[in-house]
Number of protein chains: 2
Amino acid sequence: MAAQRQYEELARQLSAIGAVKRGLGRVLPPECPAGSAAVLTLLNRHGEMRMSRLAELLAVDMSVTSRHVAHVAERGWIHRDPDPADKRSRILRLTPAGEAKFEELSDLSMQALAHYLHDWSDDEVDQLSTLLARLRDSFGDCRAASARIPQSSQCSQPSQSPLSPHDVQTSETTRTPA
Amino acid sequence: MAAQRQYEELARQLSAIGAVKRGLGRVLPPECPAGSAAVLTLLNRHGEMRMSRLAELLAVDMSVTSRHVAHVAERGWIHRDPDPADKRSRILRLTPAGEAKFEELSDLSMQALAHYLHDWSDDEVDQLSTLLARLRDSFGDCRAASARIPQSSQCSQPSQSPLSPHDVQTSETTRTPA
DNA sequence: TATTGTTATACTCTATAACTATA
DNA sequence: TATAGTTATAGAGTATAACAATA
């Protein structure tokens, strides 16, 4: 449990981080905004999945996911095949064109990061990634059920014991068992 | 200079951090969206300033700043007095009502952070704040002049020697000497 | 009845460009 | 001519609610 002074500083930094995200977004081609890039990236990384799973990975509402997915589907970058096991669902997967587009986006992003972070050490990049993953995880813990925050108290649920850098990564894949 | 694999991971984490920001934004009262809260926070922290300075601290265009400022001014949370030294400029400063509103927002944000990050150590919070500050600084370096990113190369300008945690904070205050 | 996904609507944030007033 | 700030317009991202189809 940190001091208020530290939380204030963290809140300021989080508020300011939007500028970095916009900077990275500016290297993307106009036909592929950040939302579309996120869809392609997650499908490339995790393989085919349903809408609901993608919505969880994106951490946005399903309606938002639906719009992003429609955008990339219209451009032929993904297929939306009906799920034989559940006709309400659709299975999303990259097309060859989508894989090519992902590679193009990835190259652009990697060049930008290599440019801006040229004087960062490997450890620093890793540390930041790990802390961001854990940050998202800490917020995800208390989001789904009741987002109510009790007056100046702590989470009442049993604390998920301190995460090792390796554990953090699992949050993405364990939150949707089905 | 880190490996592509690390940049990919960082890019994913940055893309996902929006969920955290939205989570924090949800604790704010409806009459004070995140943009307004940022204005109040920066004026509270840095004291009175001009629009152009605030736009830099917010890291958004002046037109965006103008809208956020108009919103908080309409609610009586700041004053916009003409600058006697330059009649084009306006000096922004918190009103007593604005200070009270800031305290209210601060309390809400602090409660939320204390809630979600209850199992974070002091060091971890500090590390994340420091790395985020440095991240913003690294992107700010190459933003103003020519945002062109040379094909797979590095910044050609003399590298600002590795920052200590303390140096990072100065970037906000040194970028606008006038 | 509950769940998956889509669509309609509204709101926030942002950038570009045109404009006013002043330096 | 250049700069500080405002406003109009457009676009991306998001959430809520109503809806259709299926479980």
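In what follows, every chain begins at residue 1, and chains take the letters A, B, ... in the order their sequences are listed.
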Note to self: Any salt bridge linking A:Glu99 with A:Arg93? Criterion: basic side-chain nitrogen under 4.0 Å from a carboxylate oxygen.
What the structure shows: no
Check: Nearest-Å distance, CE (A:Met62) to C1' (D:dA20)?
Finding: 14 Å
Note to self: So, does A:Thr65 get its side chain near the phosphate of C:dG5, meaning an N or O under 4.0 Å from OP1 or OP2?
What the structure shows: no
Item checked: Joint cluster assignment, A:Val64 & A:Leu40, ILVMFWY side-chain distance < 4.5 Å -> yes
Notebook entry, point to check: When you check the side-chain N and O atoms of A:Asp123 and A:Ser121, is any donor under 3.5 Å from an acceptor?
Noted result: no
Margin query: Quick test of your reading of the model: are B:Arg134 and A:Asp119 salt-bridged, counting only N-O distances below 4.0 Å?
Written below: yes
Check: Should B:His71 and B:Arg75 be marked as a side-chain hydrogen bond (donor to acceptor under 3.5 Å, both in side chains) after you check the CA-CA gap, both sets of side-chain angles, and the distance that decides it?
Finding: CA-CA 7 Å; B:His71 185 269; B:Arg75 280 153 187 77; 3.2 Å; yes
Item checked: Whole angstrom value for the distance that separates P of D:dT22 from CZ of A:Arg90 -> 12 Å
Check: Looking at A:Arg26, does any N or O in its side chain come under 4.0 Å of the phosphate oxygens OP1/OP2 on C:dT14?
Finding: no
Checklist line | Candidates C:dT4, C:dT6, D:dT6 - which lies nearest the side chain of A:Ser66 | finding: C:dT6
Next item on the list: Would you give a per-nucleotide map of nucleotides 8-13 of chain D, 5' to 3', where B means the base has a protein non-hydrogen atom under 4.0 Å away, S means only the sugar-phosphate does, and - means neither?
Entry: ----SS
Next item on the list: Please tell me which of the listed nucleotides, D:dT22, D:dG5, C:dT16, lies nearest to the side chain of A:Lys87?
Entry: D:dT22
Notebook entry, point to check: Counting side-chain heavy atoms from CB outward, which of D:dT6, C:dT4, C:dG5 is closest to A:Ser52?
Noted result: C:dG5
Item checked: Spacing of B:Glu56 atom CD relative to D:dA4 atom P, expressed in whole Å -> 10 Å
Item checked: Interatomic distance, A:Asp61 CG vs C:dT7 C1' [rounded to whole Å] -> 12 Å
Checklist line | Length of the line joining B:Leu92:CG and D:dG5:P, which is rounded to integer Å | finding: 8 Å
Item checked: A:Ile91 CD1 to C:dT4 P, straight-line distance once rounded to whole Å -> 13 Å
Checklist line | 5' priority, DNA chain C, between A:Val69 and A:Arg88 [closest heavy atom] | finding: A:Arg88
Notebook entry, point to check: Is it the case that one hydrophobic cluster holds both A:Ile91 and A:Leu57, taking links as side-chain heavy atoms less than 4.5 Å apart, direct or via other members?
Noted result: no
Notebook entry, point to check: Which whole-number value in Å describes the distance from B:Leu28 CG to C:dC13 C1'?
Noted result: 14 Å
Note to self: What is the separation between atom CG on B:Asp86 and atom P on C:dT22, rounded to the nearest whole Å?
What the structure shows: 10 Å
Checklist line | Under the salt bridge (Lys or Arg N to Asp or Glu O under 4.0 Å) test, residues paired with A:Glu74 that sit two or more places apart | finding: none
Notebook entry, point to check: Among D:dA21, D:dT6, C:dA21, which nucleotide sits nearest the side chain of B:Met51?
Noted result: D:dT6
